[in-house]
Amino acid sequence: MSITVPALATPSAGAAFARTTVERRELGEHDVLLDIAYAGICHSDIHQARGEWGASIFPMVPGHEIAGVVRAVGDGVTKHAVGDRVGVGCFIDSCRECPNCLAGEEQFCERGNVATYNDRYADGAPTYGGYSTQIVVDENYVLGIPEGISLDVAAPLLCAGITTYSPLKHWGAGPGVKVAVVGMGGLGHLAVKIAHALGAEVTVLSHTLSKKEDGLRFGADHYETGDRDTLRRLRGSFDLIINTVSADLPVDAYLRTLALDGTMVFVGAPENKQQFAAFSLIGGRRSLAGSNIGGIRETQEMLDFCAKHGIGAEIETITADDVDKAYDRVVASDVRYRFVIDTATIPA
Ligand SMILES: [Zn+2]
Ligand SMILES: [Zn+2]
């Protein structure tokens, strides 16, 4: 029998959130039922809840930064046990057969993975995310949250953490590597913490210097604005730029801050097309790249790394009543640095 659980849903694009219930499927042989403790608010929740990416499924229960505790497991489950602290990120299934799935890069599943919300299971039923009190997920798509990170600051790691960890690892951030992080929001502040813990020399390039103290506290070695004079002064400086902002950027000016063989990676997704001159790449054998979250194996590696280095997100915990207001504040960049919903406030 399926179970009915409290959730927070928006009935149509941009409408206010309201308390409701959703059905979670009966526990299958390889399923884990978890009690959700906290759900982070990701900027992509807002885009989808407001219908800004098109083709949204309503009513929608967003949330793909989920942290909680295992309540029950199916008979065949071996990876998680009742009472374990666990997390769920951006997807809850994939084909498991394509080369990318077999390589542990399920985020790039050739048949498209099943997103945690605003998507459909194979049988056509909609998926509902973490703004809820319980969720049922196949054990292979459930992550272990190590002791040493509390669940509230762990939740945002499931999207924002892996989104920044994966490109930092892929492009070799470490001792002797100069990393620039563009933007100091939900993604950027974790990029700073993780890049610092990896041993890289970290520079933040932010809109203003208003978060400089925080940035230095999170491990940045330098904190600059992204104005043209600064970018000119920093020409040839960086081995890797992680661009976390979704605003339009003078891409050429940023590319020229890369040293020989440097790479600029987009993890933020600007609405508008971005332009650059080929010469900005040619002039230093530079690369322009993108990256999207990470696979299950790497997400677990990221959680273990963060636990070892004492890294969690900087959060503002809110109740179910505050979500609409929180969305407006995220859009206004008025959050330090991630909102997390205390799901105990969701039941009516
Ligand atoms: Zn996200
Ligand atoms: Zn696949």
Side-chain angles (χ1 to χ4, degrees), residues 10 36 38-50 52-53 56 60-67 87-122 127-132 135 137-138 140-141 143 152-167 183 185-191 194 242-246 265-271 290-299 302-303 306 312-315 323 326-327 330-331 333 335 337-341:
T10 176
I36 300 171
Y38 297 97
I41 292 180
C42 174
H43 207 137
S44 69
D45 297 354
I46 301 171
H47 287 301
Q48 293 175 83
R50 294 183 171 175
E52 292 164 355
W53 286 351
S56 282
M60 185 188 299
V61 179
H64 60 204
E65 295 185 337
I66 299 170
V88 175
C90 298
F91 55 90
I92 49 172
D93 208 345
S94 66
C95 85
R96 313 179 191 203
E97 291 171 359
C98 74
N100 295 350
C101 280
L102 292 176
E105 305 272 19
E106 302 91 345
Q107 75 277 30
F108 301 122
C109 174
E110 289 180 357
R111 288 179 222 166
N113 51 46
V114 180
T116 304
Y117 68 89
N118 193 27
D119 201 354
R120 294 189 186 279
Y121 294 102
T127 60
Y128 296 118
Y131 299 7
S132 173
I135 189 169
V137 179
D138 183 288
N140 292 300
Y141 298 82
L143 290 309
D152 52 358
V153 302
L157 298 177
L158 275 304
C159 174
I162 187 61
T163 295
T164 50
Y165 180 85
S166 185
L187 292 172
H189 90 285
L190 284 171
I194 292 168
I242 304 290
N243 174 27
T244 71
V245 306
S246 47
V265 184
F266 276 68
V267 295
E271 213 175 301
S291 182
N292 182 33
I293 48 174
I296 293 296
R297 217 182 294 157
E298 189 172 49
T299 303
M302 176 276 304
L303 288 167
C306 286
E314 303 291 314
I315 59 165
V323 172
Y327 271 28
V330 171
V331 172
S333 300
V335 51
Y337 283 84
R338 203 67 153 179
F339 286 116
V340 169
I341 304 166

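All ligand and atom numbering here is 1-based and tracks the order in the structure.
Seen from the Zn ion (ligand 2), atom SG of C98 and atom SG of C95 lie 110° apart in angle, a value rounded to 10°. Angle NE2 (H64) to the Zn ion (ligand 1) to SG (C159): 110°, rounded to 10°. With the Zn ion (ligand 2) as the vertex, SG (C109) and SG (C101) define an angle of 100°, rounded to 10°.
Between R338 atom CZ and L187 atom CG the span is 6.0 Å, to the nearest 0.5 Å.
Taking 2.8 Å as the threshold, H43 does not count as a candidate ligand of the Zn ion (ligand 1), since none of its N, O or S atoms lies below it.
Two residues are said to be in side-chain contact when any heavy atoms from C-beta on lie closer than 4.5 Å; Y121 and I92 meet this criterion.
With no hydrogens or angles considered, no side-chain donor-acceptor pair links Y141 and E106 at under 3.5 Å. In the model, D45 has no side-chain atom that pairs as donor or acceptor with a side-chain atom of Y327 under 3.5 Å.
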